[in-house]
Amino acid sequence: MKTAKSDRLQRAVRAVLHSGPQTTPALVASLAELAIRTDSSTLFLECKEFGVATYDEVADVWSAPGTVRLEKAARPERLEADRLRQQRKVPSVAAADSEELRRLRDSVIDPAPAEAVTVFPVDPDWPATARAAYAALQDEHSEVTRRRSQADVPLIAGELVEKSAHRVIVRYEIQSGDSIREGSNASLLPSEIGSGTGDITVEVLTQFGSEITLQLPADSTFPTTARLRCDLTWLVSRQRDTFASLLAENRPGFCSTAALATVSSVGLRETLPLPPTSPVSGLNDQQCLAVAHGMQPRLTWLWGPPGTGKTTTLAALLAELLDAGKTVLLTAPTNAAVDVALNALIRRRPAFTTGDIARVGVTEDPVLLGRPTPVTVDEIAAAQGAAPAQRLVEVRGELADLNKRAEVATKTKSPDRLALTRKIADLTEFKNELDKLVGEVRDQVIRKARLVACTTHQTILKDLYAKNFDTVIIDEASMVSAALAMLVAGAGTGHTVITGDFRQLSPIVQCTTAGAKEWLGKSPFEKSGVADAVRTGRLPGNLVALQQQHRMRRQIGDAIGTAFYPEINLRTAPSVHARPARTVASSQPQLVIVDTAGLAAPVARRGGATSRYNLAHAQLAANILHVPLTTAQVPAAVGLISPFAPQARLLQALTATDDPVGLASTVHRFQGGETDIVLYDVVDTTAMNLKPHSWFTETFTGSEGARLLNVAMSRAREQAILLADMAYLRTSCPAGTPVRRFFTHMADFALVQDWRVAAEFEGPTAVQGTLAPVLADIAAATESIDIFTAATDGALTGDIVKLVQSLPDSVTVSIWYRADDPTSGPRVETPLRHHHTMLHPLRPVRESCIIADSTVWSATGPILGSNPGTLLRTVHPAFADALRRLQLRRSVRDAPGTGQHGVLCACGRLRVREEINGGPRSGVLSVCITCGD
């Protein structure tokens, strides 16, 4: 019997094969790109049963029926299997298996009927609003599709994070500027075709800058380098389709009035009588007021500036709601944010029974895994549905064994092939039924839970409208689009609590149409008018603003409050003053500026193409934080933050992989967290040959630059360090904006140090008066040497070239130099033309460095030029490896990349790799500057 899922699979197979035949692995991968998960057994049964495709077992190729003629001799057992299936008409589970399924179902599925889902009347304003949101999502879908609907994202440095009976979690470094939404499904492919490693269906857990974490099926073997093939439109499509279905019918369980309240002035109350409050353990008066408001059956806004105890308040509210017998949907935009809130609740209210709390989706939090009273749906379902789950594991093992035997039988033309095919078909049907039963157990767990916790996207992916929720909570709502907030709030009855800080990170949108900016670029705080009301001093009656922060030492808190929260007088709690120091002594300055204005450090792009990084800044950071990184006693004591992903990757290399003291990433990873010390690296300088980033030129209230700076510096408990070219900030940041107010406050109250002082700190970096010591570093190299320079007219260039010529072939050498440098021909190309050195004329050359094994040299001028400027030398193996990865060039058409030799033009000159950012010729070109080809 056909099902909707079966029909969808068949349509997808026909669409894929319309363009030509495909092997089984390729067809499975193509289907995964269309968000259809299947395996080879299911594919075989479906295609053969309904005549969707023709299979050639010799070539292992599927094709559209009638397009390829198969030799009868090649597949006699397949023809017999087809005849037998035709006799059976449709797949059916054997009688014995059917009886076993019935017994298993009776043991795990509650026979009581499910609670009837409420049908709400449609709000008159809903159709027009839903159509506007739908149009915005359609614009976003079109824009993402125009740019690139499908991406093969290059990944390197794969490392295992966790391996359990249920899953494998792996972390990679992204080698491109792609941004992939959390929750997306994708295929993990080996980087080398024909490597023997098959495609793996994965789920994207997190992406912070250039670091991405994936969940793989249990027992998966992952490659160290890979490609992530993902549909960048998938989550946008699901939101768009959900709005379409809600416009087409009045779906049971969806309350359009509750949805509209989150994005319109209807959700704002000018005045409200104060609800009755009572003391709550561990909360101050304002937090108690927030809990009292949140218990009222209406929309409540909770504004929690950094360190004000929003999570603590939310945990108390959740406990009160559960004690009052309410069913609650707790959501947040990321898995990490969901886990933080759930952890806080469990600490406050540890007594609950299995099934009360159901964490839907993936968690990396060890506190939530393996608990005596489980909270994740997988673990609850495993406990309640242990028998079918165990049987499913056994059947999968039997199938794997049968498939191996069938493969051998096919190769040897054994007469057992037909019997094995029948067994595989029957067992596959049984496995599918077991899969459905295990899925029913999971659905039952969610249906019976009193609190369901998941990401905002999972609300629509898991169709949670089928459950009645008394209260819906959207945490960290500043990162949730107005459109998605409506879909989440609609799962409730109108008792909605929206929490977050609209002065911090905002939703991500790519499309620039007015509708997309309005519905996808704004959070419910902005769309409803809450943010504007606060800015103009008209705080709504149903908004509670927490005003006392418990994280930052006073001077840090004052800087944050003055710059970003002038409306609410953000105060530092007395407990902060009495708190003992953990990493930074109370006598040390709370605010520090390391001013690199006199350094004139250059700024380069990752791989010459995307984002930007500042090598000299990262070298200085190695010294600035050397002592705390090597002496701190608490996990995540030091946070190294940059708004640019490549710079964050360089900073991450300074933290030991086996030591949790330091954490380095882009700003987004730190949202909701805290560290004792924060170093914020601005990266941009007056000396860079790049356009100033809008983060430092558009710095008004609500701008992305203001939000990023606010999040980064407000993570600091004891010390906030700004690593920046202050002259650049003073000239680029407009006066009177939050960002400019923050930098001004820092300059007035911080300890300001010149970069030379920091360079003298203990650490792996030292200022060099001359380039001469690099000769010894090159001579000592045993693995690789990489040189980037915009000029070659320096006094030591000849000596370095001669030294390179004497190195053994086992040392790989690459030199990237400015294409139109007049001295590069006679001084570099001619003497090294027939050497194993890889020569790469490049335009432009923004890098200026030499990497010799684990030693990194940087210069503010061309490092092999006559005026190299200031020289910094850093000895750090992980740092050198990270820099090499940032400088990797991918081979593009005729332009060779890293690890390849340059290409000669027909005129005899080396062709130039030209890297163009922006404009109609944007991309990588291979040109000859001599003959113009």
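Keep in mind that the numbers below use all heavy atoms, side chains included, and drop hydrogens, waters and symmetry copies. Count residues from 1 along the sequence.
Taking each heavy atom of Thr770 and Leu871 in turn, the nearest pair found is C-CD1, 3.5 Å. Ser926 and Ala895 make their closest contact through CB-N, 3.9 Å (heavy atoms, listed as atom of the first residue, atom of the second, distance). When every heavy atom of Cys849 is checked against every heavy atom of Leu883, the shortest pair comes out as SG-CD2, 4.5 Å. Looking at every heavy atom in both residues, Lys691 comes nearest to Met688 through O-CE, 3.9 Å. Leu228 and Ala186 get closest at one heavy-atom pair: CD1-CB, 3.7 Å. Looking at every heavy atom in both residues, Leu807 comes nearest to His836 through O-CE1, 3.8 Å.
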Audit row: Glu915, Arg605, salt bridge (Lys or Arg N to Asp or Glu O under 4.0 Å) steps and yes/no: CA-CA 10 Å; Glu915 298 169 342; Arg605 291 189 180 277; over 6 Å; no

CA sep, side-chain torsions, deciding dist, call: Val924, Arg889, side-chain contact (heavy atoms from CB on, under 4.5 Å): CA-CA 10 Å; Val924 177; Arg889 261 65 175 179; over 6 Å; no

side-chain contact (heavy atoms from CB on, under 4.5 Å) evaluation trace for Ile800 with Ile787: CA-CA 11 Å; Ile800 291 174; Ile787 301 175; 4.2 Å; yes

Leu17 and Leu27: CA distance, side-chain angles, deciding distance, side-chain contact (heavy atoms from CB on, under 4.5 Å) verdict: CA-CA 8 Å; Leu17 296 182; Leu27 182 54; 4.2 Å; yes

Residue pair His835, Val801: steps toward the side-chain contact (heavy atoms from CB on, under 4.5 Å) verdict: CA-CA 11 Å; His835 189 256; Val801 168; over 6 Å; no

Stepwise side chain to side chain donor-acceptor pair (under 3.5 Å) test for Ser665 and Glu211: CA-CA 8 Å; Ser665 188; Glu211 181 182 286; 5.8 Å; no

Verdict with reasoning, Thr596 to Asp725, per side chain to side chain donor-acceptor pair (under 3.5 Å): CA-CA 5 Å; Thr596 62; Asp725 180 338; 5.1 Å; no

Side chain to side chain donor-acceptor pair (under 3.5 Å) between Thr823 and Thr792, worked out: CA-CA 6 Å; Thr823 63; Thr792 57; 2.6 Å; yes

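The side-chain heavy atoms of Phe788 and Ile863, taken from C-beta on, include no pair separated by under 4.5 Å. No side-chain heavy atom of Val603 sits less than 4.5 Å from a side-chain heavy atom of Arg846. For the pair Arg818/Pro822, a side-chain contact is recorded, criterion being any heavy-atom separation below 4.5 Å from C-beta on. With a 4.5 Å cut-off on side-chain heavy atoms, Leu615 and Pro602 do not count as touching. Residues Phe644 and Arg606 fail the side-chain proximity criterion, which asks for heavy atoms closer than 4.5 Å. Side-chain atoms of Ile721 and Leu625, non-hydrogen and from C-beta on, do get closer than 4.5 Å to each other. Between Ile778 and Trp857, every side-chain heavy-atom pair lies at or beyond the 4.5 Å cut-off. Using a 4.5 Å heavy-atom threshold, the side chains of Ile174 and Leu155 count as touching.
With values rounded to the nearest 0.5 angstrom, Leu864 atom CG is found 4.5 Å from Thr797 atom OG1. Here Tyr817 contributes atom OH and Thr789 contributes atom OG1; the two are 11.5 Å apart, rounded to the nearest 0.5 Å. Here Leu620 contributes atom CG and Arg756 contributes atom CZ; the two are 10.5 Å apart, rounded to the nearest 0.5 Å. Here Thr855 contributes atom OG1 and His876 contributes atom NE2; the two are 12.0 Å apart, rounded to the nearest 0.5 Å. Note that the CD atom of Gln900 and the OG atom of Ser814 stand 11.5 Å from one another [nearest 0.5 Å]. Note that CD1 of Ile169 is 10.0 Å distant from CD of Glu203, once rounded to the nearest 0.5 Å.
A salt bridge between Asp684 and Arg612 is present, with a side-chain N of the basic residue lying under 4.0 Å from a carboxylate O of the acidic one. Looking at Arg884 and Asp881, a side-chain N of the basic residue comes within less than 4.0 Å of a carboxylate O on the acidic one, giving a salt bridge.
Distance alone, capped at 3.5 Å, is enough to place a donor-acceptor pair between the Asp853 side chain and the Thr782 backbone. Side-chain atoms of Ser848 come within 3.5 Å of backbone N or O of Gly861 as a donor-acceptor pair. Side-chain N or O atoms of Thr213 include none that pairs as donor or acceptor with a backbone N or O of Leu205 at under 3.5 Å. In terms of modelled atom types and a separation under 3.5 Å, the side chain of Asn623 and the main chain of Phe761 share a donor-acceptor contact. Using a distance-only test at 3.5 Å, with no hydrogens or angles considered, no donor-acceptor pair links the side chain of Arg913 to the main chain of Trp816. Side-chain atoms of Glu847 do not come within 3.5 Å of backbone N or O of Gln887 as any donor-acceptor pair.
With Arg873 as reference, Asp777 is the one residue of Val774, Asp777, Ile850, Leu771 to meet the side-chain contact (heavy atoms from CB on, under 4.5 Å) rule.
Residues satisfying the salt bridge (charged side-chain N to carboxylate O under 4.0 Å, His left out) test with Arg885, not counting sequence neighbours, are Glu173.
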